[in-house]
Structure formats: C-alpha cells, structure tokens
Amino acid sequence: MNKRIFLNNKKKCGVCGCDPEEEFELIKHHVSYFPNEIIIYVHYACHKLIHDGKKPHLIQYQEGDSRLFYKLNKEKNIRKNREWQEANK
C-alpha cells in the first residue's frame with residue numbers, strides 16, 4: 001500500500017504561497033501516484049500552470065499512472081464495501 005504525503009495544507013498555495021481566494025478552496029494536485037501518493041494544494045490558476053508545463057517539477061508521474069491509481073482505489077473501495085455488507089448481514 002502506498003503512503004499519502006501532503007507537501008502543504010489548505011492554508012497556502014504550494015505554488016505561489018498565497019492564501020486561498022475568497023470563497024474558493026485550494027484544490028489537490030497529485031505530484032506523484034506511485035510509489036507514494038504525493039499531494040500539493042494549489043489555486044486553480046496555479047494548477048493550470050503545472051499542467052501547462054510551467055512547473056514540471058510538480059509532475060512526477062508517468063502516463064497512465066492516474067488511471068491506474070483511480071482504478072485500484074475503486075477496486076479497493078468495492079472490496080471494502082462488500083466486506084462491510086458481509087459483516088453487517
């Protein structure tokens with residue numbers, strides 16, 4: 001099982017260092033999915049900078065990693081749900 005690591009919190013953007021905008025929360029950006037899930041909270045505009053290639057150090061994953069990550073999480077959640085249903089019959 002991979003470990004979840006947060007590089008910052010929701011109080012300051014991990015790219016520009018500014019507070020969240022009024023009425024908007026910072027969003028999660030996955031820096032990496034494997035071997036550990038590394039997450040940074042960012043403004044939407046800063047997230048766009050990352051994916052436009054302006055902050056390449058904040059993308060440390062390979063093509064297909066996100067699909068695999070979410071597929072594995074979905075399977076894990078389905079398995080947990082089945083186990084809970086069995087335990088609560």
Salt bridge present between D19 and K11 (N-O < 4.0 angstrom):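 Between K11 and D19 there is no salt bridge, as every charged N stays at least 4.0 Å from the carboxylate O atoms.
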Lys/Arg N to Asp/Glu carboxylate O, K71 vs E75, below 4.0 Å: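 E75 and K71: salt-bridged.
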Y44-I50 co-clustered via ILVMFWY side chain contacts under 4.5 Å: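 Yes, Y44 and I50 fall within the same hydrophobic cluster.
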Transitive ILVMFWY side-chain link I5 to Y70, under 4.5 Å: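 In one cluster with I5: Y70, yes.
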All pairs passing salt bridge (charged side-chain N to carboxylate O under 4.0 Å, His left out) where residues 26-39 contributes a residue, at least two apart: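 For residues 26-39, and leaving out neighbouring residues, the salt bridge (charged side-chain N to carboxylate O under 4.0 Å, His left out) pairs sorted by first residue read R4-E37.
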side-chain contact (heavy atoms from CB on, under 4.5 Å) assessment of I59 paired with V31: CA-CA 5 Å; I59 295 183; V31 176; over 6 Å; no
Whether F69 and Y33 hold their rings parallel, tilted or perpendicular, with breakpoints at 30° and 60°: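 Because their plane-to-plane angle lies in the 30° to 60° range, the rings of F69 and Y33 count as tilted.
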Aromatic plane relationship, H51 with Y61 - under 30° parallel, 30 to 60° tilted, over 60° perpendicular: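 Rings of Y61 and H51: tilted, 30 to 60°.
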Heavy-atom donor-acceptor pair, N77 side chain to K74 backbone, under 3.5 Å: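 A pair under 3.5 Å: no.
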Rounded to the nearest 0.5 Å, how far does [atom2] of [Y] lie from [atom1] of [X]?
| X | Y | atom1 | atom2 | answer |
| --- | --- | --- | --- | --- |
| N8 | L26 | CG | CG | 7.5 Å |
| I40 | K55 | CD1 | NZ | 10.0 Å |
| N81 | E86 | CG | CD | 10.5 Å |
| I39 | L7 | CD1 | CG | 9.0 Å |

Residues that D52 engages under side chain to side chain contact (heavy atoms under 4.5 Å, CB included), provided they are two or more places apart: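 Once residues adjacent in sequence are excluded, the partners of D52 under the side chain to side chain contact (heavy atoms under 4.5 Å, CB included) criterion are K48, K54.
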Residues that C18 engages under side chain to side chain contact (heavy atoms under 4.5 Å, CB included), provided they are two or more places apart: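 In terms of side chain to side chain contact (heavy atoms under 4.5 Å, CB included), with neighbours along the sequence ignored, C18 is linked to C16, H43.
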Test side-chain contact (heavy atoms from CB on, under 4.5 Å) applied to F34 and L72, step by step: CA-CA 12 Å; F34 304 104; L72 292 173; 4.1 Å; yes
Taking every non-hydrogen atom, the tightest pair across V42 and C13: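 Reported closest heavy-atom pair: CA-SG, 3.6 Å.
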Exercise: identify the closest heavy-atom pair between S32 and Q60: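 Looking at all heavy atoms of both residues, the shortest contact is OG-O, 3.7 Å.
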Check against side-chain contact (heavy atoms from CB on, under 4.5 Å), V15 and L58: CA-CA 9 Å; V15 171; L58 293 175; 3.7 Å; yes
